[in-house]
Amino acid sequence: MSLTAESHRVPLSDGNSIPLLGLGTYADPQKGRKRVVLPTNKSQQEKSIVDSCFSLFYSPTSLLLMVLGGNHSGTSESGLSRPSRRLYKTPKGTCLESVKIAIDTGYRHIDGAFVYYNEHEVGQAIREKIAEGKIKREDIFYCGKLWNTCHPPELVRPTLEKTLKILQLDYVDLYIIELPMAFKPGDAIYPRDENGKFIYHETNLCATWEAMEACKDAGLAKSIGVSNFNRRQLEMILNKPGLKHKPVSNQVECHPYFTQPKLLEFCRQHDIVIVGYSPLGTSRDETWVNVSSPPLLEDPVLNAIGKKYSKTAAQVALRFSIQRGVVVIPKSFNPQRIRENFQIFDFSLTEKEMKEIEALNKNVRYVELLMWRDHPEYPFNDEY
Ligand code: A2P
């Protein structure tokens, strides 16, 4: 397959297609106040989370900030509350500028979510670029996400409609279930009881999926998929009696240190595209990243191969993923790095180099989501 800056879409099982490279738009939380440093030891990590009264958490592709006791600021319509922006590192407007730079650079795929709290900036950037005549709506592929508190089927469409209102767009190209773990619906995005324990909700992934199918049928989402689903959870959907639309994609952590060979093979067999989050190994913010796994971009093999092609380790890591058919959504709000991450279509890795990089797999996640390990549908206990 020849991949170019102008043409690097891969087909989805529903007849649509997805660009192999997209811009991630999650925002890092502010450090300071009662910052919670997650110890690398798992039991300590859990204790630290439970003990904390102000915690920063990571959601699959984003940083999620939680204020205990439902002490959020912001809107609460549709049962989704919004923490204050000042709790994030990213200044207002940064995401807007980044998405505009990305579109000018050639990116046509943007990955976002309600819980990144900057979806309005993503929408504005897309609309401004359309108004400028730089792109048409159909050139852009936008992926949005259904949050855990919105799994009950009757909430799915109103939640997507709210996202469309925030974006000021008529449809999303892809709408995915962000995590297979339902939380109690309501105002709090991270509902907790008086003891600080997360309040989960009965999870019925098949029922949620049927509501997702209805969103596709209504034209609100061109394609529908999932995120952080393990094999068992994917099979639950694939084997659902009366399944109307298969998930076209599964967004999961994927990079040279976590190559997901088994899940990738399973998904290939079922025409499910893997979208790899944290393709550069995350921001290594110890408040939410398992930093016991070494920094990906310092890897000697990636750097040596990069030297050969006058490329950075980041570019090699991204090229590796797209060459194996994994969609990548590197997050950057830095103009130079946004451009750097797009320069991966003017070189290719040899079979030997691909194998060398595959051999770097450590099978260790940067993003473990241990605080939700007691959820009945916590996805990462299974082998894959
Ligand atoms: P920044 O936004 O300042 O560029 P991932 O997508 O794996 O989660 O990685 C995102 C992190 O990597 C962010 O902290 C981002 O910071 C940084 N990053 C993005 N692109 C590059 C690059 N080309 N080289 C080094 N770091 C990068």
Side-chain angles (χ1 to χ4, degrees), residues 1-4 7-22 24 60-61 109 111 141 143 145 173-180 205-206 209 212-213 216 222-240 243-279 316-330 344-345 348-365 367 379-384:
M1 181 182 24
S2 98
L3 304 171
T4 65
S7 166
H8 51 266
R9 282 180 174 255
V10 288
L12 297 170
S13 66
D14 62 359
N16 295 323
S17 62
I18 182 171
L20 275 168
L21 175 61
T61 52
H109 172 181
D111 182 83
F141 186 98
C143 171
K145 306 189 183 85
D173 298 273
L174 176 62
Y175 198 52
I176 62 180
I177 302 177
E178 187 157 356
L179 281 157
L205 294 174
C206 288
W209 186 253
M212 296 285 284
E213 291 180 322
K216 177 172 162 70
K222 297 280 180 201
S223 298
I224 48 174
V226 297
S227 181
N228 291 295
F229 275 42
N230 61 30
R231 177 189 173 143
R232 181 187 59 80
Q233 291 161 335
L234 287 172
E235 280 179 330
M236 210 190 296
I237 305 287
L238 293 171
N239 299 331
K240 188 186 85 64
L243 181 71
K244 197 163 179 199
H245 303 297
K246 275 170 47 163
V248 297
S249 61
N250 186 19
Q251 186 177 126
V252 292
E253 180 174 343
C254 196
H255 48 74
Y257 282 178
F258 195 68
T259 53
Q260 299 263 28
K262 291 185 178 171
L263 190 62
L264 189 57
E265 185 47 37
F266 176 82
C267 286
R268 270 196 191 123
Q269 284 166 7
H270 293 273
D271 270 339
I272 297 170
V273 169
I274 290 273
V275 177
Y277 69 72
S278 303
V316 173
L318 296 175
R319 179 73 204 188
F320 164 76
S321 289
I322 64 166
Q323 231 173 282
R324 62 202 290 258
V326 171
V327 176
V328 282
I329 45 169
I344 57 172
F345 300 106
S348 62
L349 299 166
T350 63
E351 246 175 69
K352 183 168 166 276
E353 288 161 345
M354 288 296 287
K355 289 218 160 64
E356 265 181 85
I357 300 174
E358 258 163 47
L360 299 176
N361 186 23
K362 297 179 190 299
N363 210 24
V364 176
R365 294 175 193 275
V367 183
F380 304 148
N381 285 330
D382 293 16
E383 186 198 354
Y384 70 100

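Any value given below was found using the heavy atoms of this structure, including those in side chains, with hydrogens, waters and symmetry copies removed.
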Please determine whether side-chain contact (heavy atoms from CB on, under 4.5 Å) holds for the pair Leu263 and Asn250, giving the CA-CA distance in whole Å, both sets of side-chain angles, and the decisive distance to 0.1 Å.
CA-CA 10 Å; Leu263 190 62; Asn250 186 19; 3.9 Å; yes
How many angstroms lie between atom SG of Cys206 and atom CG of Leu243, to the nearest 0.5 angstrom?
8.5 Å
Is Asn239 reaching over with its side chain to a backbone N or O of Glu235, donor-acceptor style, under 3.5 angstrom?
yes
Aromatic plane relationship, Phe266 with His270 - under 30° parallel, 30 to 60° tilted, over 60° perpendicular:
tilted
So Phe229 and Leu205, do their side chains get closer than 4.5 Å, heavy atoms only?
yes
Considering only heavy atoms from C-beta outward, does the side chain of Ile177 approach that of Pro247 to under 4.5 Å?
no
Would the distance check show the side chain of Gln251 and the main-chain N or O of Val275 forming a donor-acceptor pair, the cut-off being under 3.5 Å?
no
Just wondering, do Asn363 and Phe258 contact through their side chains at under 4.5 Å, heavy atoms?
yes
Tell me, do Val248 and Ile272 make a side-chain contact under 4.5 Å, heavy atoms counted?
no
Walk me through it: do Glu353 and Phe320 pass the test side-chain contact (heavy atoms from CB on, under 4.5 Å)?
CA-CA 9 Å; Glu353 288 161 345; Phe320 164 76; over 6 Å; no
Exam field: side chain Glu253 to backbone Gly276, donor-acceptor pair closer than 3.5 Å:
no
I'd like to know if the side chain of Asn230 and the backbone of Tyr384 have a donor-acceptor N/O pair within less than 3.5 Å.
no
What are the two closest heavy atoms between Arg324 and Leu264, and how far apart are they?
NH2-CD2, 3.4 Å
CD-CG distance between Gln269 and Leu238, expressed to the nearest 0.5 angstrom:
11.0 Å
Testing the basics here: between Pro379 and Asn228, what is the closest heavy-atom pair and its distance to 0.1 Å?
CB-O, 3.1 Å
Distance-only, no hydrogens or angles: does the Glu213 side chain make a donor-acceptor pair with backbone N or O of His245 under 3.5 Å?
yes
Kindly give the heavy-atom pair with the smallest separation between His8 and Leu21, and that separation in Å.
CD2-N, 3.7 Å
Any chance you could measure Ser223, atom OG, to Asn16, atom CG, to the nearest 0.5 Å?
4.0 Å
Side chains of Ile344 and Ile322: closer than 4.5 Å at any heavy-atom pair?
yes
Under the side-chain contact (heavy atoms from CB on, under 4.5 Å) criterion, do Val327 and Leu20 qualify, and how do the steps go?
CA-CA 4 Å; Val327 176; Leu20 275 168; 3.9 Å; yes
Which atom pair, heavy atoms only, marks the closest approach of Pro279 to Ala317?
O-CB, 4.1 Å
Could you check if a side-chain atom of Pro261 sits within less than 4.5 angstrom of a side-chain atom of Asn361, using non-hydrogen atoms only?
yes
Heavy atoms of Val326 and Cys254 approach each other most closely as CG1-SG, 4.1 Å
His109 and Phe141 aromatic ring geometry - parallel, tilted or perpendicular at 30°/60° bounds
perpendicular
Output the distance between atom CG (Leu3) and atom OG (Ser348), rounded to the nearest 0.5 Å.
9.0 Å
Decide, yes or no, whether a salt bridge links Asp14 with Lys216 under the criterion of side-chain N to carboxylate O below 4.0 Å.
yes
Rounded to the nearest 0.5 Å, how far does CD of Gln323 lie from OG1 of Thr350?
8.5 Å
Are the side chains of Leu318 and Pro330 in contact, using a 4.5 Å heavy-atom criterion?
yes
Is it true that a side-chain atom of Glu265 and a backbone atom of Lys262 form a donor plus acceptor pair closer than 3.5 Å?
no
Looking only at heavy atoms, which two atoms of Pro180 and Ser227 are closest? And how far apart?
CD-O, 3.8 Å
Spacing of CD belonging to Glu356 relative to NZ belonging to Lys352, to within rounding of 0.5 Å:
5.0 Å
Regarding Asp271 and Ser13, do their side chains bring together a donor and an acceptor under 3.5 Å, going by distance alone?
no
Mind running side-chain contact (heavy atoms from CB on, under 4.5 Å) on Trp209 and Ile224 for me, showing each step along the way?
CA-CA 9 Å; Trp209 186 253; Ile224 48 174; 3.5 Å; yes
Side-chain contact, heavy-atom cut-off 4.5 Å: Cys143 with Asp173?
no
